[in-house]
> 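I have a structure I would like to understand better, so I am pasting it below and will then ask my questions one at a time.
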Amino acid sequence: MGKKSRRTKTHQDSTHNPNIHTSNIRSLYRENSWDPLQSSDAEPRAQKYSRRIKPQNDNQARLIEAIDTHNVVLAVGPAGTGKTYVAVAKAVEALESGQVSRILLSRPAVEAGENLGYLPGALDEKLAPYLRPLYDCLSDRMGLRNLKKYLQDGTIEIAPIAYMRGRTLNNAYVVVDEAQNCTYGQLKMLLTRLGWQSTMVMTGDPDQSDLLEGLSGLRDIASRLDTLDDISVIRLEEQDIVRHALVAAMLTVI
């Protein structure tokens, strides 16, 4: 057999038999072998976030207990007290335990004293910069892979406040963040969207509203709802701040 014939036969054998290699490159994982990216159910493995949050102070403990026992909770207090993080973490717990079938996030699209103009993209892309704090909390609690999956299939929904009128939110966990940038009428409309087997948590700091003076309705609506036994209004203070210690010190003088 000549050299050309031998080369042709070797090439044909390697084509039909994957275990015969004609180069120095070898496959690390062969067919039907173990793959580190595959689990026993042939699905990509993802890090699990099954731990429960632990309160850092007494008021955070009261907030967690209120979310567990009430359908409507208002968390009012200064920046850095963990209002948003606790609300989102409890939303993830409720979703993973089957208490609700979806999470709905809503946040007013109000700039902090600076107009950035029109943002490009679809609606969710326009809202992404405003909802980044909520995305960060969700990613920290459930992982980026699960977050992308839930956003794609609608399990986690981004709902602009402007489009909430007329909806009834059943079997959902609703988080309304930065509620101090909503007017009284907007907050009244959001609160009346609550449906069966749903939980709504509103968070905000009445002292950091980006609306014109007198337009924010969070302080007024919190005072009115505080009189109802079935609704919990948790007021956090400067001593509950869990960010840098200087945050609490600065808020006492500015």
> Just how far is it from atom CG of Leu190 to atom CD1 of Ile161, taken to the nearest 0.5 Å?
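Between Leu190 CG and Ile161 CD1, I get 5.0 Å after rounding to 0.5 Å.
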> Between OG of Ser106 and CG of Asp177, what distance do you get to the nearest 0.5 Å?
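Interatomic distance, Ser106 OG to Asp177 CG, rounded to 0.5 Å: 9.5 Å.
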> Between Thr192 and Lys188, is there a donor-acceptor pair closer than 3.5 Å when you use the side chain of the first and the backbone of the second?
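Answer holds: yes.
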> Is the shortest distance from a Lys or Arg side-chain nitrogen in Asp226 or Arg235 to a carboxylate oxygen in the other one below 4.0 Å?
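Salt bridge between Asp226 and Arg235, a charged N being under 4.0 Å from a carboxylate O: yes.
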> Using a 3.5 Å distance criterion without hydrogens, assess whether the side chain of Ser223 forms a donor-acceptor pair with backbone atoms of Arg219.
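Yes; at least one donor-acceptor contact below 3.5 Å.
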> Does Tyr150 reach the side chain of Leu138, with side-chain heavy atoms less than 4.5 Å apart?
no
> Answer whether the closest heavy-atom distance between the side chains of Glu93 and Ile53 falls below 4.5 Å.
yes
> I'd like to know whether Val201 forms a side chain to side chain contact (heavy atoms under 4.5 Å, CB included) with Val176, so could you lay out the CA-CA distance, the side-chain angles of the two residues, the decisive distance to 0.1 Å, and finally the verdict.
CA-CA 6 Å; Val201 180; Val176 181; over 6 Å; no
> Answer yes or no: is there a side-chain heavy-atom contact under 4.5 Å between Val100 and Ser198?
no
> Quick one: do Val88 and Val76 end up in the same hydrophobic cluster if we chain Ile, Leu, Val, Met, Phe, Trp and Tyr together by side-chain heavy atoms under 4.5 Å apart?
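Cluster IDs for Val88 and Val76 differ.
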> Using 0.5 Å steps for rounding, measure from the CG atom of Leu225 to the OG atom of Ser232.
11.0 Å
> Working to the nearest 0.5 angstrom, can you tell me the gap between Glu178 CD and Leu218 CG?
10.0 Å
> In the single-linkage hydrophobic clustering (I, L, V, M, F, W, Y; side-chain heavy atoms under 4.5 Å), do Leu228 and Leu194 co-cluster?
yes
> If you measure from OG on Ser209 to CD on Gln180, what distance do you get to the nearest 0.5 Å?
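Separation between the atoms: 6.0 Å.
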> Could I get the full list of side-chain contact (heavy atoms from CB on, under 4.5 Å) partners for Pro55, not counting sequence neighbours?
Gln60, Ala61, Ile64
> Do Asp136 and Arg132 meet the salt-bridge criterion of a basic N to acidic O distance under 4.0 Å?
yes
> Going by an N to O cut-off under 4.0 Å, is there a salt bridge joining Asp205 and Lys83?
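Salt bridge: no.
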> Are Tyr184 and Met164 connected in the hydrophobic side-chain network, where two residues link if heavy atoms are under 4.5 Å apart?
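Tyr184 and Met164: one cluster.
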> Can you give the donor-acceptor pairs under 3.5 Å from side chains of residues 165-175 to other protein atoms, not counting sequence neighbours?
from: Arg167; atom 1: NH1; to: Glu157; atom 2: OE2; distance (Å): 2.8
from: Arg167; atom 1: NH2; to: Glu157; atom 2: OE1; distance (Å): 3.3
from: Arg167; atom 1: NH2; to: Glu157; atom 2: OE2; distance (Å): 3.3
from: Asn170; atom 1: OD1; to: Trp196; atom 2: N; distance (Å): 2.8
from: Asn171; atom 1: ND2; to: Ser101; atom 2: OG; distance (Å): 3.1
from: Tyr173; atom 1: OH; to: Ala87; atom 2: O; distance (Å): 3.2

> Under the side chain to side chain contact (heavy atoms under 4.5 Å, CB included) criterion, do Leu74 and Ile221 qualify, and how do the steps go?
CA-CA 10 Å; Leu74 275 70; Ile221 212 160; 4.2 Å; yes
> Between atom CD of Gln197 and atom CG of Asn71, what is the distance when rounded to the nearest 0.5 Å?
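Here the interatomic distance stands at 10.0 Å.
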> Can you confirm whether more than 12 heavy atoms, excluding those of Asp207, are under 6.0 Å from its CG atom?
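Atom CG in Asp207 is packed in, count exceeds 12.
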> Any non-hydrogen side-chain atom of Tyr135 less than 4.5 Å from a side-chain atom of Ile158?
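Yes, side chains in contact.
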> What is the minimum heavy-atom distance between Lys54 and Gln56, and which atoms define it?
O-NE2, 3.1 Å
> Is a salt bridge present between Glu65 and Arg62, judged by a nitrogen-to-oxygen distance below 4.0 Å?
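Not counted as a salt bridge, because no side-chain N and carboxylate O are separated by less than 4.0 Å.
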> Please tell me whether Tyr85 and Met202 are part of a single hydrophobic cluster in this structure, the criterion being side-chain heavy atoms less than 4.5 Å apart.
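Shared cluster, no.
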> Mind listing the closest non-hydrogen atom pair of Ala75 and Leu236 along with its distance?
CB-CD1, 4.4 Å
> Answer yes or no: are there more than 12 heavy-atom neighbours, outside Gln239 itself, under 6.0 Å from its atom CD?
yes
> Are Ile67 and Leu105 connected into the same hydrophobic cluster when the rule is that any two of I, L, V, M, F, W, Y join if their side-chain heavy atoms are below 4.5 Å apart?
yes
> Out of the candidates Ile234, Val73, Thr84, Val86, only one should pair with Thr203 under the side-chain contact (heavy atoms from CB on, under 4.5 Å) rule; please name it.
Thr84
> Check residues 240-251 and write down every donor-acceptor pair under 3.5 Å in which the side-chain atom is one partner and the other belongs to a residue at least two apart or another chain.
from: Asp240; atom 1: OD2; to: Asn59; atom 2: ND2; distance (Å): 2.5
from: Asp240; atom 1: OD2; to: Glu237; atom 2: N; distance (Å): 2.8
from: His244; atom 1: ND1; to: Leu246; atom 2: N; distance (Å): 3.0

> Does a side-chain N-to-carboxylate-O contact under 4.0 Å join Lys149 and Asp153?
no
> Keeping Gln186 on the side-chain end and Thr183 on the backbone end, is there a donor-acceptor pair under 3.5 Å?
yes
> Side chain to side chain contact (heavy atoms under 4.5 Å, CB included), that's the test. Do Leu191 and Met200 meet it? Break it down for me.
CA-CA 8 Å; Leu191 287 165; Met200 180 178 292; 3.9 Å; yes
